[in-house]
Amino acid sequence: MKKDIEIPIAKDVYVAAIREWNDEFLSKDWNAYVINDRSSQIDMVLVVSVGFDGNRKTSTMRHGIGAVGAKSFEKIELLQDDVLALTNEFFVTFYADGKLYEKRFLFEKHTVNEAALRHIPIIDKEGVLAE
């Protein structure tokens, strides 16, 4: 019976932290984005994020992103510097190909930093990809 259950594997969907200039606050901030590198749109995208480290834990944030077009991206949230000292977890759930997918992404504590920046193709900016 268990062998008959198909658990779809989420591919070509990523979470990245991008370092961007914020005109409103005149500062460089980290923003989390969901990236769809698939050749088709993903729908009903939901992202649940939380930061944690031992006994410390942030509030659980839930984001209803909606649809993310093929080869595109959408902003999830601002990542404050004090939160980057924690491990940040993002659960991304979406609907595609008639199936529901879920994938967990992690930014280990202190891994989102200037030294770890690399080019993120779909967004075409410098950032850090979650594991």
Side-chain angles (χ1 to χ4, degrees):
M1 300 277 265
K2 282 187 177 181
K3 65 179 172 62
D4 296 327
I5 298 173
E6 178 191 350
I7 300 174
I9 298 171
K11 294 181 183 175
D12 300 324
V13 174
Y14 307 97
V15 170
I18 304 295
R19 187 77 162 164
E20 298 176 299
W21 180 255
N22 184 330
D23 287 328
E24 185 176 343
F25 295 108
L26 301 175
S27 65
K28 280 195 123 180
D29 296 328
W30 290 98
N31 291 299
Y33 285 86
V34 62
I35 302 170
N36 177 14
D37 195 20
R38 298 167 56 102
S39 59
S40 61
Q41 176 174 294
I42 58 176
D43 297 305
M44 296 189 301
V45 179
L46 299 171
V47 180
V48 177
S49 64
V50 66
F52 58 89
D53 181 27
N55 293 343
R56 297 186 310 162
K57 184 177 177 183
T58 66
S59 299
T60 301
M61 302 293 287
R62 292 170 181 83
H63 306 277
I65 306 294
V68 180
K71 305 288 184 187
S72 69
F73 57 92
E74 291 291 332
K75 184 176 176 179
I76 301 170
E77 66 185 16
L78 169 72
L79 298 172
Q80 295 179 339
D81 289 334
D82 53 344
V83 172
L84 296 176
L86 307 173
T87 297
N88 286 276
E89 178 179 68
F90 292 82
F91 275 103
V92 178
T93 306
F94 62 94
Y95 187 75
D97 307 322
K99 298 176 185 170
L100 188 63
Y101 293 85
E102 181 179 76
K103 189 165 183 180
R104 177 181 174 223
F105 296 93
L106 275 181
F107 290 111
E108 293 293 338
K109 60 183 174 179
H110 303 295
T111 58
V112 177
N113 58 55
E114 295 283 339
L117 289 175
R118 62 176 233 175
H119 182 72
I120 308 297
I122 301 292
I123 298 178
D124 199 27
K125 293 185 179 179
E126 296 291 310
V128 179
L129 280 177
E131 298 292 322

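Note that this is a predicted model, so its numbers are computed, not measured.
If you chain together hydrophobic residues whose side chains sit under 4.5 Å apart, L117 and L79 fall into the same group. A chain of hydrophobic side-chain contacts below 4.5 Å, direct or via other Ile, Leu, Val, Met, Phe, Trp or Tyr residues, connects Y14 to F73. V15 and W30 end up in the same hydrophobic cluster when Ile, Leu, Val, Met, Phe, Trp and Tyr side chains are linked at under 4.5 Å. I76 and L86 are assigned to two separate hydrophobic clusters, defined by single-linkage of ILVMFWY side chains at heavy-atom distances under 4.5 Å.
Between L46 and R62, every side-chain heavy-atom pair lies at or beyond the 4.5 Å cut-off. The closest side-chain heavy-atom distance from D53 to T87 is not below 4.5 Å. The closest side-chain heavy-atom distance from I120 to I35 is below 4.5 Å. A 4.5 Å side-chain heavy-atom check between V45 and V92 finds at least one atom pair inside the cut-off. Side-chain atoms of D37 and V13, non-hydrogen and from C-beta on, never get closer than 4.5 Å to each other.
With hydrogens and angles disregarded, a donor-acceptor distance shorter than 3.5 Å links the side chain of N36 to the backbone of S40. In this structure, the side chain of T58 engages the main chain of G51 through a donor-acceptor pair within 3.5 Å. The main-chain N or O of A96 is never found under 3.5 Å from a side-chain atom of D43 such that the two would form a donor-acceptor pair. Distance alone, capped at 3.5 Å, is enough to place a donor-acceptor pair between the N113 side chain and the A115 backbone.
The two atoms that bring V128 and V112 nearest to each other are CG2-CA, 4.4 Å, heavy atoms only. What you find for E74 and A67 is that their closest heavy atoms are CG-O, 4.4 Å. Residues G127 and I18 share a closest heavy-atom pair of CA-CD1, 3.9 Å.
Under the rule for a ring-ring contact (aromatic ring centres under 6.0 Å, His included), F105 has no partner lying at least two apart in sequence or in another chain.
Both tests hold for R38 against Y101: distance to the six-membered ring centre under 6.0 Å, angle to the ring axis within 45°.
Put simply, CG on D29 and CD on Q80 are 9.0 Å apart, with the number rounded to the nearest 0.5 Å. Taking OG1 of T111 as the reference point, atom CG of L84 lies at 8.5 Å (rounded to 0.5 Å). Rounded to the nearest 0.5 angstrom, L129 CG and H119 NE2 are separated by 11.0 Å. Put simply, CD on E108 and CG on N88 are 10.0 Å apart, with the number rounded to the nearest 0.5 Å.
For the pairing with Y33, the side chain to side chain donor-acceptor pair (under 3.5 Å) check across E77, K75, K125, E20 returns one residue only, E20.
Using a 4.0 Å cut-off between a side-chain N of Lys or Arg and a carboxylate O of Asp or Glu, E126 and R118 do not qualify as a salt bridge. One finds no salt bridge joining R56 and D82 here, because no Lys/Arg side-chain nitrogen approaches an Asp/Glu carboxylate oxygen to under 4.0 Å. The pair E89-R104 meets the salt-bridge criterion, since a charged nitrogen lies less than 4.0 angstrom from a carboxylate oxygen.
Under the 30°/60° scheme for interplanar angles, the aromatic rings of F90 and F107 are found to stand perpendicular.
Counting non-hydrogen atoms of other residues, nucleotides and ligands closer than 6.0 Å to NZ of K109 gives a total of 12 or fewer. A 6.0 Å sphere centred on CD of E114 holds more than 12 heavy atoms belonging to other residues, nucleotides or ligands. In this structure, I9 places its CD1 atom where only 12 or fewer heavy-atom neighbours from other residues, nucleotides or ligands lie under 6.0 Å away.
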